[in-house]
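Each chain gets a letter, A, B and so on, in the order its sequence line appears, and its residues count up from 1.
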Protein chains: 2
Amino acid sequence: MAVNLKQLAELLGLSQTTVSRALNGYPEVNAHTRRRVLEAVRATGYRPNRAAQRLATGKARSIGLVMPIASGIDSDIHFGEFLAGLAEEAVKHDFHFVINPSAPDDEEATFRRLAASGNVDAVFLAYMRANDPRISILKSLSIPFVVHGRSIGGPRDYPFVDIDNTRAFYDATKLLLQLGHQRIALINGPDYLAFSIRRRKGLMRALDEWGLRLDDSLVQYSEMTDEHGYRSMQRFLQQPDAPTAVLCSSTVLALGAVRAINQAGLVIGRDISLIAHDDVLPMLKPENFSVPLTTTRSSLRAAGARIAARLIGGILEQGDYPEQELWPAELIVRASTGATPGR
Amino acid sequence: MAVNLKQLAELLGLSQTTVSRALNGYPEVNAHTRRRVLEAVRATGYRPNRAAQRLATGKARSIGLVMPIASGIDSDIHFGEFLAGLAEEAVKHDFHFVINPSAPDDEEATFRRLAASGNVDAVFLAYMRANDPRISILKSLSIPFVVHGRSIGGPRDYPFVDIDNTRAFYDATKLLLQLGHQRIALINGPDYLAFSIRRRKGLMRALDEWGLRLDDSLVQYSEMTDEHGYRSMQRFLQQPDAPTAVLCSSTVLALGAVRAINQAGLVIGRDISLIAHDDVLPMLKPENFSVPLTTTRSSLRAAGARIAARLIGGILEQGDYPEQELWPAELIVRASTGATPGR
DNA sequence: ACAGATATCCAAAGCGCTTTGGGAGGTTTC
DNA sequence: GAAACCTCCCAAAGCGCTTTGGATATCTGT
């Protein structure tokens, strides 16, 4: 018993115009009438036909999402978590996604197709790289978009939500330095990604201020899997002058790192300190590690939700959001950080 | 310079009807006229407005996807891979997804909402459990759907694409038995999932035929992560009468298992044999393992693409697919399987 | 009490496509 | 040569919503 606007209007003895306006919050409707309409909607279970709305308004109520298929990114656990946030928010407003898989070298064409298709009102962008070409492409396509993260170099005036990676790892490093650590290593994400670059910068800056030099043999880049964390940590531990403290770009990496440390017979927080960035993955809580992890925390899912909200707000022309948001990451000290051994 | 049907028709000196028919492959159009239309489409870059098509045809051109958000499933690497296949196929036909996140206990309501909303033509279902209630729900909602996997128990007449898990693990076990192994362990997926249950059954059946009994202390269930594979294998190796061969439900699990084996100082293929199920994850190829892995192979991505194709075919009422497909998994013997040690 | 606001509501015109119901002209059929 | 068919095309009626451009009625202030 799916009703449509016309039937609903008839049932109420009103015109479609008035009912439509009552539903869409226009002011020229008597409060009492509006209440009646809302009541009837509840009673009949009326739901507006989206296709008709789209045709009439020109808004597709959907946001485009280019999903890289080549590398391991798409199957990445972090991506899934972020997507969950996006989806959660989108579903509240009855928005859809158009997921376009694309090989990295085909991205530009994919974006063009997406924009031209008219199937999406806005586009979302992530996994920013240094000098990322996609920003200029999207600007030229004149389709609204919001970026998760920031590029490095290139145009600066585009909407984004990012966390202050430099600051987060600067703070983390500072803590370690104050605890007396001098050789601090970094198990980072892929080296071409902007957040990796910034995290390294944060580390370097803090070292600089302390009068220390970053030793590049103490930085490892890789995809953020448990396995890579394990291997990177092993490599560090085998070095002649092994680090006494390690920064991890993800709790997933930390998982592997911890295993390597344990296997080497070392005790976390005593023999070696560990700080990881925590994306708040529901299945991997830093407080549940055998030794609870000191972390820089910022929820990936929240970022996803926020970006969805901004995208949708922009399309519906409601809500007011800052163009650029730089979220701080919270430094949470737990048991995995301690004073330098033998001091 | 976006043209619409009307303008295109005018430009050609034809009626909208004829142009529409030419484009949609109706027979009552002269071949020559059709060619002219197609040519004009190319020249003008005409693209039909989807919203209008939807309104006129009643088809939303989108498929619904309920994404579990509670457990680790959504961030699961296997899910991402499957999704890639779905998306790849969908984009070919300009189909969308409506991703609905849902807590497991809210699934029924989510499905109802999805079906009632009218913005999906069909629904896709995965992560089947034993006696899965979702099948009946979807049937009662009378919305087309295709299942990835099969339930166990409950109604049998529903469309699915599944791989023959029982058979795959039966074959794998058979191979191990022929090689002389008697104590064969299984590192399985979550115990409530249908495929896990079937794989265990395959193992058990082969053992039975060989006159052996399945020792339930040799079966571990867990989410399919590297970490869990590691732990499960460790547990097996610590047992007094450790297995000489192990079956893994995923190459991801095998990754951890291999680590545990190496760590124990054992040699794969000599001291202990390993067979894993290979979902053909692009980032994890069994032939690249330090000891190339014997596997039962079936591409998850291909399954995703197939399901998308069937769903879309059903909506568009074209193409003819079998209702139920049970794909065989290919047994590929590599170096990780060898004769029982000390025989 | 009357011109000008103000508050509510409505009829009708799209949005861009598909589809129904013909209809003109040319071919067959008997 | 008339009746019966094809073949190919068209006009117009929707699909279900939003929005424009009034109407009508009720208030204002003077």
Listing, residues 132-142 of chain B side-chain donor-acceptor contacts under 3.5 Å, not counting sequence neighbours, or none:
unit_1: B:D132; atom_1: OD1; unit_2: B:R134; atom_2: N; d: 3.0
unit_1: B:D132; atom_1: OD1; unit_2: B:R134; atom_2: NE; d: 2.8
unit_1: B:D132; atom_1: OD2; unit_2: B:R129; atom_2: N; d: 2.8
unit_1: B:D132; atom_1: OD2; unit_2: B:R134; atom_2: NE; d: 3.4
unit_1: B:D132; atom_1: OD2; unit_2: B:R134; atom_2: NH2; d: 2.9
unit_1: B:R134; atom_1: NH1; unit_2: B:A126; atom_2: O; d: 3.3
unit_1: B:R134; atom_1: NH2; unit_2: B:A126; atom_2: O; d: 2.9
unit_1: B:R134; atom_1: NH2; unit_2: B:Y127; atom_2: O; d: 2.9
unit_1: B:K139; atom_1: NZ; unit_2: B:D157; atom_2: O; d: 3.0
unit_1: B:K139; atom_1: NZ; unit_2: B:D157; atom_2: OD1; d: 2.7
unit_1: B:K139; atom_1: NZ; unit_2: B:D157; atom_2: OD2; d: 3.2
unit_1: B:S140; atom_1: OG; unit_2: B:I137; atom_2: O; d: 2.7

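- Looking at heavy-atom distances under 4.0 Å, A:T57 makes contact with sugar-phosphate atoms alone, never a base.
- In this view, A:R112 and A:E108 satisfy the side-chain hydrogen bond (donor to acceptor under 3.5 Å, both in side chains) rule, not counting sequence neighbours.
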Please list every donor-acceptor pair under 3.5 Å in which a side-chain atom of residues 143-150 of chain B meets a protein atom from a residue at least two apart or in another chain.
unit_1: B:R150; atom_1: NE; unit_2: B:D162; atom_2: OD2; d: 2.9
unit_1: B:R150; atom_1: NH2; unit_2: B:D162; atom_2: OD2; d: 3.4

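- Here side chain to side chain donor-acceptor pair (under 3.5 Å) pairs that include residues 2-15 of chain B, with residues two or more places apart or in two chains, are B:S15-B:T18.
- By the side-chain hydrogen bond (donor to acceptor under 3.5 Å, both in side chains) test, B:K92 pairs with B:E89, sequence neighbours left out.
- Two residues are said to be in side-chain contact when any heavy atoms from C-beta on lie closer than 4.5 Å; A:H93 and A:L311 fail this criterion.
- Note: CG (B:L12) to P (D:dC10) measures 10 Å, nearest angstrom.
- Remark on DNA chain D: of its neighbouring residues B:G13 and A:T17, the 5'-side contact belongs to B:G13, judged by nearest-heavy-atom nucleotide.
- Sequence order on DNA chain D of the closest nucleotides to A:R47 and B:V19 puts B:V19 first from the 5' end.
- For the side-chain hydrogen bond (donor to acceptor under 3.5 Å, both in side chains) test, no residue two or more places apart in sequence or in another chain qualifies with A:S298.
- For the contact set between residues 21-32 of chain B and DNA chain C, defined by any heavy atom under 4.0 Å, the members are B:R21, B:N24, B:Y26.
- Among residues two or more places apart in sequence or in another chain, the side-chain hydrogen bond (donor to acceptor under 3.5 Å, both in side chains) test is passed with B:R54 by none.
- Judged as a side chain to side chain contact (heavy atoms under 4.5 Å, CB included), and not counting sequence neighbours, the contacts of B:N24 are B:S20, B:Y26.
- Defining each end axis of the helix from C:dA1-D:dT30 to C:dC30-D:dG1 as the rotation carrying four pairs' C1' atoms onto the next four, with five pairs an end, the two axes are found to diverge by 30° to 10 degrees.
- The side chain to side chain donor-acceptor pair (under 3.5 Å) analysis of residues 28-40 of chain B, with sequence neighbours excluded, yields the pairs B:E39-B:R42.
- With respect to the salt-bridge test (charged N to carboxylate O, under 4.0 angstrom), the residues B:R61 and B:D94 do not qualify.
- Phosphate proximity of D:dC9 to B:T18: absent, as no side-chain N or O sits under 4.0 Å from OP1 or OP2.
- Running 5' to 3' along DNA chain C, contacts with non-hydrogen atoms of chain B at under 4.0 Å begin and end at C:dG16 to C:dG21.
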